[in-house]
There are 2 protein chains.
Amino acid sequence: MPLLMLKDLPRYECLLEAAREFPDLDPSATEVFLHLLRAGDEAFRVVESHLAQHDITQGRFGVLMALWGNDRGGEVRPPLSPATLAERTGVTRATMTGLIDTLERDGLVRREPDPADRRMMTVKPTRQAVALLTRILPGHFQRMAALMLPLTESEREVLVSLLQKIANQASTLSPTGDGSAAPTAEVAARG
Amino acid sequence: MPLLMLKDLPRYECLLEAAREFPDLDPSATEVFLHLLRAGDEAFRVVESHLAQHDITQGRFGVLMALWGNDRGGEVRPPLSPATLAERTGVTRATMTGLIDTLERDGLVRREPDPADRRMMTVKPTRQAVALLTRILPGHFQRMAALMLPLTESEREVLVSLLQKIANQASTLSPTGDGSAAPTAEVAARG
DNA sequence: GGCAGATAGTTAGGTGGCTAACGACAATTG
DNA sequence: CAATTGTCGTTAGCCACCTAACTATCTGCC
C-alpha cells in the first residue's frame, strides 16, 4: 500500500551512527518500526494483488466482509448503515460514501432508505456480492496461510502478543486513542 | 493508513468456527495477519499524525529523507533522479512526479536538468527542507521510541526476526518477488 | 410547540497511490 | 549510419483516503 518509506531498510550500523547525532533516536526501536511497516506493507500487497485479480480493492473487500459477517450466524440482524460500516472498517463516513458508490455501481450492494429514521440508509449485499466472496475467499485464506508458513505455532503466539503491545501503545499515543494532550506533551517535552 | 479491514479484530473462536466452513482458513495465520496489519497501521498513524503537524505527509517525508540521506556522510554524491527516488521510496515513477510537484510547489526541492543525460532531471533539497527536517526529526524519533517502549531489547530482536520471516515469505509470494507463476500455482493448487 | 444541538449522509477539494500510454532521448545492434 | 530497443519523466484517468462544510433529520430541553 502506501506506507513504506525505504525499500531497503538502513543497516543497523547506520542507525547507531545516526543515533550519535540525534540523542532521541533509539536504534532498536527504529529498526522494529521499519521492519513492522515493511512486513505489514508486503503482506498487505500479497493479499491486495490477489483481490485485484477479481477486480476488487481492499477497501471494497472490507465493506463486503463486514456486510457478509453481519448476515451470518443464524440470527436475523438489522442491515448495516454507512456510518456503522465506516466505523467497523476504520474509514470516515465520507470515504464510505465513495466506497458504497463504486460497489453499488458494480452491482455488489444496494442502498435502501431506513424506514425508521429518514436520515439513514441501509446497505445490503447482492447475490453477486455473495458469489464474489465465495470465489475469492478460498484463495484469500490460502494466501494468509502461505504467508505465515515460516512461523511455528508458538512463534505465531509470540508475534501476536508483541504486536498487541505495540498496538496498545499506539492507542495511548495516537490522537484517536483519547488521551489527547497528555502523551503529546510528554513526548514533545524535549522537542 | 488505508489498510485496516476490521477495527475490532474477530475473536479467535470466530476464526475457529469459520475454519470449519472454509478448510483453507488457518486460524492462527489469519490472526497473525490481522494483528500485523493493525499494528502496522496504528504505528503508521502515530507517525503520520506527527508529520501532519508540520504540514507534511509520509510520502513527502520519505522523499526528503532519501534526499537528506544522500547528502550526508562526507563524500560528495551525485544528486538523485526522480527514478532513483521512486525506487528507494518504493513508489512508481509516476507517483514520484506528483510528489516532487508538491514538494517543489512548497519550496522544499528544486528540479534541475541533468547536464549529462537530457532525459533525466536531478532533484535537490532546499535549505528550507533541511530546516524542516531538523525541526521534525527529534519528535519523529521520540515517537518511534515511545511506540516500542513496552518491548524489551530481546523482545525487539525476536520481533524483528519474525517480521523478517514474513517479509521474506511475502517476497516469494508476491508478483514483484519474481517467482511469477510458481508460488501462485502452489498456493492455488487446492482452489 | 419551538428551538438548539447532535447525527446521517453527501459533497467539494486536496493528496497520493496505481496503470497505461506517451514523447524525448540514449544505448545497442545490424 | 539507421533501426530497434530501452529508459526517463510526464500525463491522463481511476481509486481511495482525508478534512471541512453542507442539508436533512432526529432528540432533548425549555
Side-chain angles (χ1 to χ4, degrees), chain A residues 1-5 7 41 44-45 48-49 51-64 78-87 89-106 108-109 111-123 174-176, chain B residues 1-5 7 41 44-45 48-49 51-53 55-64 79-87 89-106 108-109 111-123 174-176:
Chain A
M1 123 158 317
L3 55 72
L4 186 55
M5 45 190 56
K7 197 142 214 167
D41 189 62
F44 181 80
R45 284 175 199 261
E48 186 181 44
S49 71
L51 296 180
Q53 295 171 16
H54 297 271
D55 286 316
I56 202 170
T57 63
Q58 283 278 354
R60 283 183 269 201
F61 180 72
V63 176
L64 293 184
L80 299 176
S81 68
T84 308
L85 284 168
E87 187 189 353
T89 59
V91 301
T92 63
R93 283 176 296 139
T95 298
M96 187 52 60
T97 295
L99 286 172
I100 296 173
D101 281 347
T102 65
L103 284 169
E104 193 169 31
R105 183 201 60 190
D106 294 351
L108 295 171
V109 137
R111 275 185 175 98
E112 292 173 15
D114 183 310
D117 188 333
R118 284 194 294 171
R119 289 173 303 183
M120 286 203 273
M121 304 289 288
T122 65
V123 181
S174 97
T176 66
Chain B
M1 154 136 287
L3 55 71
L4 186 54
M5 47 188 54
K7 198 142 213 167
D41 189 61
F44 181 79
R45 284 176 200 263
E48 185 182 44
S49 73
L51 296 181
Q53 294 172 15
D55 286 317
I56 202 169
T57 63
Q58 283 279 354
R60 283 184 269 202
F61 180 71
V63 176
L64 292 184
L80 299 175
S81 67
T84 307
L85 284 168
E87 186 190 354
T89 59
V91 301
T92 63
R93 281 176 296 140
T95 299
M96 187 52 59
T97 294
L99 285 172
I100 296 173
D101 281 347
T102 64
L103 284 169
E104 193 170 31
R105 182 202 60 192
D106 294 350
L108 295 171
V109 304
R111 277 184 175 99
E112 292 174 14
D114 184 310
D117 188 333
R118 285 196 293 171
R119 289 172 303 181
M120 287 202 273
M121 303 289 287
T122 65
V123 181
S174 95
T176 66

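Proteins get letters first, then strands, A, B, ... in listed order; numbering begins at 1 in each.
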Which part of the nucleic acid, if any, lies within reach of B:T95 when heavy atoms closer than 4.0 Å are counted: base, sugar-phosphate only, or nothing? base
Does B:T92 place a side-chain N or O at less than 4.0 Å from the phosphate oxygens OP1/OP2 of C:dT19? no
Looking at the side chain of A:V91, which of D:dC15, C:dG9, D:dC17 is the nearest nucleotide? D:dC17
Could you state the CZ-C1' distance from B:R111 to D:dC8, rounded to the nearest angstrom? 12 Å
Options C:dG17, D:dC18, C:dA8, nucleotide nearest the side-chain atoms of B:L99: C:dG17
Starting at CZ of B:R60, measure out to OG1 of B:T102 and round the result to the nearest 0.5 Å. 4.0 Å
Nearest whole angstrom, please: distance from the C1' of C:dA12 to the CG of A:D101. 14 Å
Can you check the A:E48 CD to D:dA16 C1' distance for me, whole Å? 11 Å
note: A:I56, atom CD1; D:dC15, atom P; distance rounded to Å ~ 13 Å
Would you classify A:R118 as touching base, sugar-phosphate or nothing, given that sugar-phosphate means primed atoms plus P, OP1 and OP2, and contacts are heavy atoms under 4.0 Å? sugar-phosphate
What integer distance in Å separates B:L51:CG from C:dT15:C1'? 15 Å
Can you work out whether B:A94 or A:M121 has the more 5'-proximal nearest nucleotide on DNA chain C? A:M121
Result of checking A:L99, A:V91, A:T57 against A:V63 for side-chain contact (heavy atoms from CB on, under 4.5 Å): A:L99
Is B:D114 touching bases, backbone alone, or none of the nucleic acid, heavy atoms closer than 4.0 Å? nothing
Could you go over nucleotides 3-6 of chain D and give all protein N or O partners under 3.5 Å, atom names and distances?
{"unit_1": "D:dG6", "atom_1": "N2", "unit_2": "B:R119", "atom_2": "NH1", "d": "2.9"}

Between CE of A:M96 and P of C:dT10 the distance, given in whole Å, is 11 Å
